[in-house]
Amino acid sequence: MDAGRDGWIRVPVGDDAARWATRADSRPVLLVVHNVTAATRLLDVLPLFHDDLRVQLLVTTPGSSAFRAGLAELFAKVDVPAVPWEQAVHLPAKLAISASFGGQLAALSCQLTILSHGVGYTKRLATPGAASAPVFGLSREWLVGEDGAPVVDALVLSHPEQLERLRTACPEAVHTAVLAGDPCFDRILAARGHRERYRRALGTHPGQRLVLLNSTWHTESLFGDGGDDLLPALLPRLTSELPADEYRVAAVLHPNIWYGHGPGQIRIWLDRARRAGLTLVDPLDGWRQALLAADAVIGDHGSVTYYAAALGTPVLLGAAPLAALDPDAPISDFVREAPRLDPTAPLRPQLDALMSEHQPLPGPAEFTTSLPGGSAARLRRLFYGQLGLPEPDGPALLEPLPLPPYEPPSRTAPLRVLTWLRGSGEVAVERYADPRSEPPGDGEVHLAVHEDTRDPAQLAIADVVFREGSATDPRFGSPDRWTAETLVRHPHSALVAYVTSPSTCTVRTRAGQLLHLTAESTADPAVYASALHAWLAAGKAVEELIPEGLTVRTGAAVHSVRIASVQVTSV
C-alpha cells in the first residue's frame, strides 16, 4: 500500500478487498456524513437497506463542516466501516447518499443523491465570495460544479413548491429533482399513537402541560446572542415562573449548538434551569418523541418549530429572523403569521392563552410533505434504481421511533410552596422553583427543599425536606431510618418525606408520626407531603385524614391520597 494511503481500509473495500472479504460481490453504498445534524436524516433511511446481502454500507465524512464533534461517537453507533474521504473518492461505489452539501462532493465517482436534513430548503447561508446569501441547497452555489454541470444526480425534495423554487433559482438542476416526501416527518406521523408513552417517558403526569423550547443554531436563533438578550434566559424563567406540578419543561437544542459548544457546556449554561426541573432532550434520538409529547412549543425559524406546527401543536415564536429565510419558502409565511412571545411579559399567561386560543395555521401541514407516509417507497425505488438492482421483496419500511428512557424531572432547586385549604380533607398546592421571588398568590407559604440541593442555606430553613430513592436503597436505609435521621439533621423542618415511587412516599412529622402516603394517580409525591404539611400547620390532625384520605389539587388535576399510619421503630 502506498505511503499516501495510510489509514485506508482494506476490507470490505480496497485494492485487494476481494482476497479478504466474505461478501465480495456486495455493492458499496457510501453514506456521506458532514455533521451530526445531517446524519439524522441518513439514519432515517438506513432501514431501506436492511436484510439485503447485495449491499455493503460504508460511512465517510468530507471534513468540510465546522461541526465535526460527535461524529466519532455516531460512527461507532452506526457501526459500519468508516472510510477516509481520500479513499472514498476513489471507491468503485455505485451510490453515495448525503444529507448536506459542502466538501468535494463532485469528486465522488458514483451516483450522488442528496436529501434535505431539515424541513425542505429554507435558509439562506452565505458562501465565501458570494455577493448575496443564496438559499442553501437550492442555488447554483451548491448545485452546480465548476464545469457547469449539476453536482447531484438526484436532489430529493419533499414538496412540489420546492421544485418551483428550484426551477427559478437553478434551472440547470431541475432534471435532478425527485419528489420523495420527508422520511423524518413520516416517522413522526407513524408514531403519533404513542404520544402518551412519550409523555410518560419524560415524566409528564396526567394534568400536566409539557412545554418544549427548541432552538436552531446561529446567533439569530432563540438560544443565540445576536438579538434580544432576554431570550436565552427563557429556560430558567420557564422553570421558575410555571407551577412545577402543572407544567413540565423540556428543551431541544440543534445539534450544532449541542456539539458546537459541547454538551457539558450546554449543561453548565443551563444548570439553574436543570436543577429546577428542565430536561435537555437528546438532539439525535429523542427530539421527535418530545415534539409529539408537547402541548406547546416555544421556538424560532428552525425545522423543529415548523414540524411542530405541521402536527397542529400550538407554537409561540421567540425569535423570527426573516432575513435568514428564503422569502418564497412557506416557512417565511409561517414566521410572519405565527404568534410571538413577548419576553418582557410574564410567561404563563402567554402560554395559557396560546393553548386555549390555538388555531392551527394551514401552511405547515400542507407544505411539509406532499407524500405523507410515502417517502420510504419512493426513496427505496430511487436508491435501487441508482444501484441497478431490483428492489427487495416486501414493503419499504422506516424504523419506528424508539421509546426513550424514563427521564422524570430532577428538581433539586428549593421550592416555594403555596397552599390553600379548600374544605374537608382538601388542599390546593402550587410549587415554584424560585424560593427568593414573591410567590404569585395569596396562599400560605412554606419552603420545601430536596436533600441534594446546592443551597445549604435554604435547606437549613426548609419546612419540608424530601428526596427520592428506593425503599431498600442501602445508602439511605429504610424510609423509616432516613426520615428519623433527617429530622435530627434538620431541626427546623416540620416534616420530611422519602419518595419511593411516582405514587408513594413515606413521611415523618416533627411530632414523631410515621405515615405512608399513596395516591391513585402518578405525580411527584413530594407535593403530597407539602399538602400534608399545610394541613398540619393549619392546626388540623392527621387522624381526620386517615378514614377518607387527603385530596390534593394541583391546577386542574385532583389526586386522592390515602394515608396510613406506620408503626414507628427505633433507629
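FYI, side chains are in, hydrogens and waters are out, and symmetry mates aren't considered; it's all heavy atoms of this structure. Quick caveat, the model's predicted, so the values are computed rather than measured.
Salt bridge E391/R380: present, at least one basic N to carboxylate O contact under 4.0 Å. Salt-bridge formation is detected for the pair R209/D352: a Lys NZ or Arg NE/NH1/NH2 atom is positioned less than 4.0 Å from an Asp or Glu carboxylate oxygen. By the 4.0 Å N-to-carboxylate-O rule, E246 lies close enough to R348 to be salt-bridged with it. Contact check on R267 versus D271 returns no salt bridge, with no Lys/Arg side-chain nitrogen under 4.0 Å from an Asp/Glu carboxylate oxygen. Here D524 does not pair with R248 in a salt bridge; the nearest charged N to carboxylate O distance is not below 4.0 Å. A salt bridge links R288 with D44: the closest approach of a Lys/Arg side-chain nitrogen to an acidic carboxylate oxygen falls below 4.0 angstrom. Under a 4.0 Å N-O distance rule, the pair R199/D295 qualifies as a salt bridge. Between D326 and K123 no salt bridge is recorded (no basic side-chain N to carboxylate O distance below 4.0 Å). A salt bridge links R41 with D182: the closest approach of a Lys/Arg side-chain nitrogen to an acidic carboxylate oxygen falls below 4.0 angstrom. Using a 4.0 Å cut-off between charged side-chain N and carboxylate O, E161 and R165 make a salt bridge.
Of the possible donor and acceptor atoms, none in the side chain of T239 sits under 3.5 Å from a partner among the backbone N and O of G277. In terms of modelled atom types and a separation under 3.5 Å, the side chain of S501 and the main chain of S503 share a donor-acceptor contact. Between the side chain of Q111 and the backbone N or O of A96, no donor-acceptor pair lies under 3.5 Å. Put simply, the side chain of S303 gets close to the backbone of V119: a donor and an acceptor are under 3.5 Å apart. Looking only at distances, a side-chain donor or acceptor of S139 sits under 3.5 Å from a matching main-chain atom of V135. The main-chain N or O of E366 is found under 3.5 Å from a side-chain atom of H159 such that the two form a donor-acceptor pair. In this structure a side-chain-to-backbone donor-acceptor pair under 3.5 Å is missing from H254 to G302. Side-chain atoms of T305 come within 3.5 Å of backbone atoms of D300 as a donor-acceptor pair (strictly under, hydrogens ignored). In this structure a side-chain-to-backbone donor-acceptor pair under 3.5 Å is present from S240 to P236. Side chain of T500 to main chain of A471: no donor-acceptor pair is present (N/O by atom type, distance under 3.5 Å, no hydrogens or angles).
A heavy-atom distance below 4.5 Å is not found between the side chains of L30 and V59. Under the 4.5 Å side-chain criterion, counting only non-hydrogen atoms from C-beta, L155 is in contact with L143. Two residues are said to be in side-chain contact when any heavy atoms from C-beta on lie closer than 4.5 Å; Y406 and P502 meet this criterion. Under the 4.5 Å side-chain criterion, counting only non-hydrogen atoms from C-beta, L253 is not in contact with N214. Side-chain atoms of I9 and Q87, non-hydrogen and from C-beta on, do get closer than 4.5 Å to each other. Using a 4.5 Å cut-off on side-chain heavy atoms (C-beta onward), P47 and L397 make no contact. A heavy-atom distance below 4.5 Å is not found between the side chains of R275 and D452.
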side-chain contact (heavy atoms from CB on, under 4.5 Å) evaluation trace for L284 with L43: CA-CA 10 Å; L284 184 61; L43 293 176; 4.2 Å; yes
side-chain contact (heavy atoms from CB on, under 4.5 Å) between Q56 and R23, intermediate numbers included: CA-CA 9 Å; Q56 170 66 62; R23 303 286 308 183; 5.9 Å; no
Stepwise side-chain hydrogen bond (donor to acceptor under 3.5 Å, both in side chains) test for D186 and S375: CA-CA 7 Å; D186 280 355; S375 66; 2.6 Å; yes
Worked check of side-chain contact (heavy atoms from CB on, under 4.5 Å) between R237 and L235: CA-CA 5 Å; R237 284 186 59 197; L235 286 168; over 6 Å; no
Salt bridge (Lys or Arg N to Asp or Glu O under 4.0 Å) between D285 and K77, intermediate numbers included: CA-CA 12 Å; D285 292 326; K77 180 177 180 180; 2.5 Å; yes
Step-by-step side-chain contact (heavy atoms from CB on, under 4.5 Å) determination, F466 to R411: CA-CA 11 Å; F466 65 95; R411 193 172 286 113; 5.9 Å; no
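No side-chain N or O of S221 forms a donor-acceptor pair with one of T216 less than 3.5 Å apart. With 3.5 Å as the limit, one finds no donor-acceptor pair spanning the side chains of T61 and H34. For N35 and S65, the side-chain atoms include at least one donor-acceptor pair closer than 3.5 Å. A donor and an acceptor atom, one from each side chain of H301 and E220, are nowhere located under 3.5 Å apart. Judged by distance alone, the side chains of S521 and H559 do bring a donor and an acceptor atom under 3.5 Å apart. S100 and S98 share no side-chain donor-acceptor pair at under 3.5 Å.
I257 CD1 to W269 CH2: the interatomic distance, rounded to the nearest 0.5 Å, is 9.0 Å. Taken from CZ in R187 to CG in L401, the straight-line distance is 5.0 Å, to the nearest 0.5 Å. Summarising the geometry, atom CD1 belonging to I298 is positioned 5.5 Å from atom CG belonging to L213; distances are rounded to the nearest 0.5 Å. Summarising the geometry, atom CD belonging to Q386 is positioned 9.0 Å from atom SG belonging to C110; distances are rounded to the nearest 0.5 Å. Separation of atoms CG (L371) and CZ (R378) is listed at 4.5 Å; rounding is to 0.5 Å.
Across all non-hydrogen atoms, the minimal contact from P255 to T37 is CB-OG1, 3.4 Å. Minimum heavy-atom separation, V315 to P339: O-CG, 3.3 Å. Nearest heavy-atom pair across G103 and S64 is N-OG, 3.2 Å. When all heavy atoms of T369 and P372 are compared, the pair lying nearest together is OG1-N, 3.8 Å. Y121 approaches G137 most closely through the heavy-atom pair CD2-CA, 3.6 Å. Across L74 and A39, no two heavy atoms sit closer than the pair CD1-CB, 3.5 Å.
Considering L292, V252, L212 in turn, V252 is the only one that fulfils the side-chain contact (heavy atoms from CB on, under 4.5 Å) rule with W287. With W217 as the partner, the ring-ring contact (aromatic ring centres under 6.0 Å, His included) test is satisfied by one option alone out of F67, F223, W258: F67. Of the listed residues (V156, D153, L105), just one forms a side-chain contact (heavy atoms from CB on, under 4.5 Å) with I114, and that residue is L105. For the side-chain contact (heavy atoms from CB on, under 4.5 Å) with V32, the lone residue among L42, I97, L108, T113 that qualifies is L108.
Heavy atoms of other residues, nucleotides or ligands lying less than 6.0 angstrom from CD of Q265 number more than 12.
Using bins of under 30°, 30° to 60° and over 60° for the plane-to-plane angle, the ring pair F334/Y306 lands in the perpendicular bin. Taking the six-membered ring where tryptophan is involved, the planes of F101 and W142 are tilted, since the angle between them lies from 30° to 60°.
With a 6.0 Å cutoff to the six-membered ring centre and a 45° limit on the axis angle, R467 counts as a cation-pi contact of F476.
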